[in-house]
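Written out below as structure tokens is the structure these notes cover.
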Amino acid sequence: MNIRTLLQIKQFCLVKYSLTKDKQHNLEHVKRVSQNAIKIVQYLGIEKVIDLNLLEAACYLHDVVISSNKGSNLSLFYSHLFEKSLNKKYIPKIIQQFNLPPEEALILI
């Protein structure tokens, strides 16, 4: 993934996470997830064989569907319970706007 696309995804996520009421799945959370993922890759010594931009994009997008829920505590609970299914349904629609190569889109999905 090129840096321009990563920056577009980060900007999209910045907007989405800034609108959330969910204090556990916000921009600070995904920044920590991203930093930790990169540290793990570096610790394993595999940063040369992994697309770090794609990894970072995945980290930023991993809770974007959940964070978009602005409903009650019950709907937040529902979102967490069905997070995997909701991500499979909505992430493909979200990432279409970034014109990713099919391989990258598949990895993010």
Side-chain angles (χ1 to χ4, degrees):
M1 174 177 287
N2 63 50
I3 190 69
R4 192 173 119 244
T5 304
L6 173 60
L7 293 175
Q8 289 172 338
I9 290 171
K10 283 181 157 183
Q11 182 60 38
F12 169 83
C13 290
L14 183 131
V15 170
K16 291 296 183 183
Y17 290 117
S18 70
L19 300 174
T20 188
K21 294 178 184 177
D22 187 344
K23 294 180 182 175
Q24 292 180 330
H25 300 95
N26 57 22
L27 188 60
E28 294 307 312
H29 165 68
V30 295
K31 284 181 181 180
R32 281 192 312 275
V33 168
S34 177
Q35 291 167 353
N36 288 336
I38 290 171
K39 285 179 187 176
I40 291 168
V41 165
Q42 290 170 340
Y43 176 78
L44 294 173
I46 57 174
E47 61 268 27
K48 302 277 191 233
V49 295
I50 288 184
D51 183 337
L52 293 177
N53 290 342
L54 189 58
L55 174 63
E56 196 168 356
C59 291
Y60 270 76
L61 288 168
H62 88 275
D63 275 336
V64 77
V65 173
I66 297 276
S67 74
S68 297
N69 186 338
K70 298 180 186 86
S72 66
N73 285 338
L74 183 59
S75 62
L76 284 171
F77 173 75
Y78 170 83
S79 294
H80 289 290
L81 190 61
F82 296 102
E83 180 176 1
K84 184 177 179 181
S85 298
L86 292 170
N87 279 341
K88 281 187 176 185
K89 180 177 180 179
Y90 293 108
I91 289 292
K93 295 174 186 176
I94 290 170
I95 63 173
Q96 279 179 344
Q97 65 188 300
F98 301 112
N99 298 316
L100 298 169
E103 307 81 39
E104 291 180 359
L106 187 60
I107 290 168
L108 290 176
I109 292 168

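Note that the structure is predicted; figures quoted are calculated from it, not measured.
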For C59 and A37, the nearest pair of non-hydrogen atoms, with its separation, is SG-CB, 3.7 Å
When rounded to the nearest 0.5 Å, the distance separating CD1 of I107 from CG of D51 is 7.5 Å
Scanning both residues in full, the closest heavy-atom pair of I50 with L55 reads CG2-CB, 4.5 Å
Heavy-atom nearest pair, L61 first then C13, reads CD2-SG, 3.7 Å
Hydrophobic cluster membership, L14 vs F98, 4.5 Å side-chain cutoff = yes
> Does the side chain of I109 reach to within under 4.5 Å of the side chain of I95, using non-hydrogen atoms?
Replying inline: yes
Taking every heavy atom of Y17 against every heavy atom of V64, the minimum-distance pair comes out as OH-N, 2.9 Å
Distance col, row Q42:CD vs L44:CG, nearest 0.5 angstrom, shows 10.5 Å
ask   = Is it the case that one hydrophobic cluster holds both I46 and I40, taking links as side-chain heavy atoms less than 4.5 Å apart, direct or via other members?
value = yes
For I91 and L108, the nearest pair of non-hydrogen atoms, with its separation, is CG2-O, 4.1 Å
Task: Close side-chain approach of K10 to K31, heavy-atom, < 4.5 Å - done: no
(Q) Quick one, L27 with Y60, criterion side chain to side chain contact (heavy atoms under 4.5 Å, CB included). Give me CA distance, side-chain angles, the key distance, then yes/no. (A) CA-CA 8 Å; L27 188 60; Y60 270 76; 4.0 Å; yes
Between the CG atom in N2 and the CD atom in Q8, the distance rounded to the nearest 0.5 Å is 8.0 Å
Between L54 and L106, is there a shared hydrophobic cluster once you connect ILVMFWY residues whose side-chain heavy atoms come closer than 4.5 Å?
-> no
Looking only at heavy atoms, the pair that brings I38 and E56 closest together is CD1-OE1, 4.1 Å
Any non-hydrogen side-chain atom of V33 less than 4.5 Å from a side-chain atom of N36? no
M1 vs I9 side-chain heavy atoms within contact, under 4.5 Å: yes
